[in-house]
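These values consider heavy atoms only, across backbone and side chains, with no hydrogens, waters or symmetry-generated copies. In what follows, residues are counted from 1 in the order of the sequence shown.
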Amino acid sequence: MAHVLPVKNEEYGTQEYWDQRYTQEEDDATFDWFKKYADVAPLIRAALPDKNARILMLGCGNSTLSEDMYDDGYNNIINIDYSAVVVERMRARHQEARPEMEWHEMDIRDLKFEDGSFDVAVDKGTMDAMMTAKGDVWDPPKQVIDDCTKEVDEVLRVLRKGSGAFLYLTFGQPHFRRRYLTRPDTTLEIQQIGDAFHYYLYILRN
């Protein structure tokens, strides 16, 4: 794995790094930033009781989250990532075992879906990757603010009005993340996960 680690952390926020990384990895490689589905399944099920919901997986990468959710009964999952390399690889990997899942090359800051077309959007560490630019975490660079704001703007646009939910799983503490998730006419619920090292599930409802 060491040969595909970035030279600088901010490379995690670039498409070029991920294309190179996925090209170098084995076809069956998987990677999860943190927390497998089994670790958070009770929280996901509670937040998303309708297993027929149309789900948008933001920055899917080669995480096992989508396949684990699919195998748990959530069959209407649309996965997007801006790396064409990983999208094609994941489509080929799952087309027979999980034929209802879709895979699209797409930037989370510029979604190509119609307004109000999803019940739920899920981000597991994708926004975090856009926050790796150098700078003060208390006063992030304009690029970080713009990127994260665009993601949330686009997510709220494609969620169904009045019933949509954005599930964001991260290690980012509320005082660093709330600024991106506080919007008019929405509610924000924050659940803390873990004991020694905390993760957070943010649930933004419109």
Side-chain angles (χ1 to χ4, degrees), residues 13 15 37 40-61 63-84 86-88 90-91 94-95 98-131 143-170 172 174 177-191 200-206:
Q15 183 177 353
Y37 179 61
V40 296
L43 298 175
I44 299 292
R45 293 177 190 135
L48 184 48
D50 181 9
K51 292 196 171 181
N52 293 315
R54 190 167 192 243
I55 302 168
L56 176 61
M57 192 66 67
L58 300 155
C60 60
S63 165
T64 61
L65 179 60
S66 289
E67 65 183 79
D68 291 339
M69 288 184 66
Y70 187 99
D71 294 345
D72 194 30
Y74 296 101
N75 293 164
N76 194 0
I77 301 177
I78 290 80
N79 300 275
I80 66 167
D81 200 287
Y82 67 2
S83 170
V86 80
V87 165
E88 185 55 40
M90 294 295 278
R91 182 185 292 125
H94 296 291
Q95 61 184 354
R98 301 172 183 88
E100 294 172 82
M101 277 209 292
E102 296 180 19
W103 306 87
H104 301 280
E105 179 188 351
M106 198 177 301
D107 193 316
I108 60 174
R109 297 161 294 187
D110 184 22
L111 300 177
K112 304 303 182 183
F113 300 110
E114 295 182 359
D115 295 2
S117 53
F118 288 91
D119 299 298
V120 177
V122 179
D123 178 323
K124 181 171 173 283
T126 301
M127 190 187 298
D128 298 346
M130 296 193 297
M131 296 181 182
Q143 186 65 53
V144 169
I145 296 172
D146 289 348
D147 286 344
C148 296
T149 299
K150 285 177 183 176
E151 176 189 357
V152 178
D153 285 347
E154 282 291 86
V155 166
L156 290 175
R157 179 183 65 78
V158 302
L159 288 176
R160 302 194 201 285
K161 301 300 181 187
S163 62
F166 176 31
L167 277 56
Y168 172 38
L169 183 64
T170 174
R177 298 298 189 264
R178 197 188 300 271
R179 66 185 297 166
Y180 305 111
L181 301 168
T182 301
R183 301 298 177 86
D185 302 318
T186 64
T187 61
L188 180 62
E189 176 186 351
I190 305 172
Q191 300 182 23
Y200 299 88
L201 177 63
Y202 298 82
I203 305 175
L204 180 63
R205 301 184 187 277
N206 65 356

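- Residues W103 and Q95 are not in side-chain contact: their nearest non-hydrogen atoms beyond the backbone lie 4.5 Å or more apart.
- The heavy-atom pair separating E105 from A84 by the smallest distance is OE1-CB, 3.3 Å.
- Closest heavy-atom contact between Y74 and I77: O-CD1, 3.2 Å.
- The side chain to side chain contact (heavy atoms under 4.5 Å, CB included) check on N76 picks up R54, I78, with sequence neighbours excluded.
- Side-chain contact between L204 and L156 is present, with at least one heavy-atom pair separated by less than 4.5 Å.
- Listed for the E154 side chain is a donor-acceptor partner under 3.5 Å among the backbone atoms of L111.
- Side chains of Y168 and L58 form no contact here, defined as non-hydrogen atoms less than 4.5 Å apart.
- In summary, D147 and R109 engage in a salt bridge, as defined by a charged side-chain N under 4.0 Å from a carboxylate O.
- From M90, atom CE reaches atom SG of C60 across 6.0 Å, with rounding to the nearest 0.5 Å.
- Annotation: the span from L43 atom CG to I203 atom CD1 amounts to 7.5 Å, rounded to 0.5 Å.
- Partners of S163 according to the side chain to side chain contact (heavy atoms under 4.5 Å, CB included) rule, which considers only residues two or more places apart in sequence or in another chain, are R160.
- The closest donor-acceptor contact from the side chain of N75 to the backbone of Y70 lies under 3.5 Å.
- Summarising the geometry, atom CZ belonging to F166 is positioned 10.5 Å from atom CG belonging to L188; distances are rounded to the nearest 0.5 Å.
- Between N206 and K161, some side-chain heavy-atom pair lies under the 4.5 Å cut-off.
- A heavy-atom distance below 4.5 Å is not found between the side chains of M57 and T126.
- In this structure, the separation between CD on Q191 and CG on L201 is 5.0 Å, given to the nearest 0.5 Å.
- Residue-environment remark: CG (D185) stays at or below the threshold of 12 foreign heavy atoms within 6.0 Å.
- Ring planes of F118 and F113: perpendicular class, angle over 60° (limits at 30 and 60°).
- Rounding to the nearest 0.5 angstrom, the gap separating the CG atom in D71 from the CZ atom in R98 is 4.0 Å.
- Closest heavy-atom contact between A47 and R205: O-NH2, 3.8 Å.
- Taking CD of E88 as the reference point, atom OG of S83 lies at 11.0 Å (rounded to 0.5 Å).
- Considering D119, I80, V120 in turn, I80 is the only one that fulfils the side chain to side chain contact (heavy atoms under 4.5 Å, CB included) rule with L56.
- Of all non-hydrogen atoms in G61 and D81, the two that sit nearest each other are N-OD2, 2.8 Å.
- No side-chain heavy atom of V122 sits under 4.5 Å from any side-chain heavy atom of I44.
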Dump the intermediate steps for salt bridge (charged side-chain N to carboxylate O under 4.0 Å, His left out) on D72 and R45, then the final yes or no. CA-CA 10 Å; D72 194 30; R45 293 177 190 135; 2.9 Å; yes
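- In plain terms, the two heavy atoms of M69 and Y37 that are nearest each other are CG-CE1, 3.5 Å.
- The side chain to side chain contact (heavy atoms under 4.5 Å, CB included) with M130 is formed by just one residue from the set D146, I145, I108; it is I108.
- The side-chain heavy atoms of R177 and M131, taken from C-beta on, include a pair separated by under 4.5 Å.
- With contacts defined as side-chain heavy-atom distances shorter than 4.5 Å, the pair R183/D153 qualifies.
- The shortest heavy-atom contact between C148 and M127 is SG-CG, 3.5 Å.
- Ring pair Y202/Y200 is tilted by interplanar angle, where 30° to 60° counts as tilted.
- Counting only distance, with no hydrogens or angles, the side chain of D123 and the backbone of G125 share a donor-acceptor pair below 3.5 Å.
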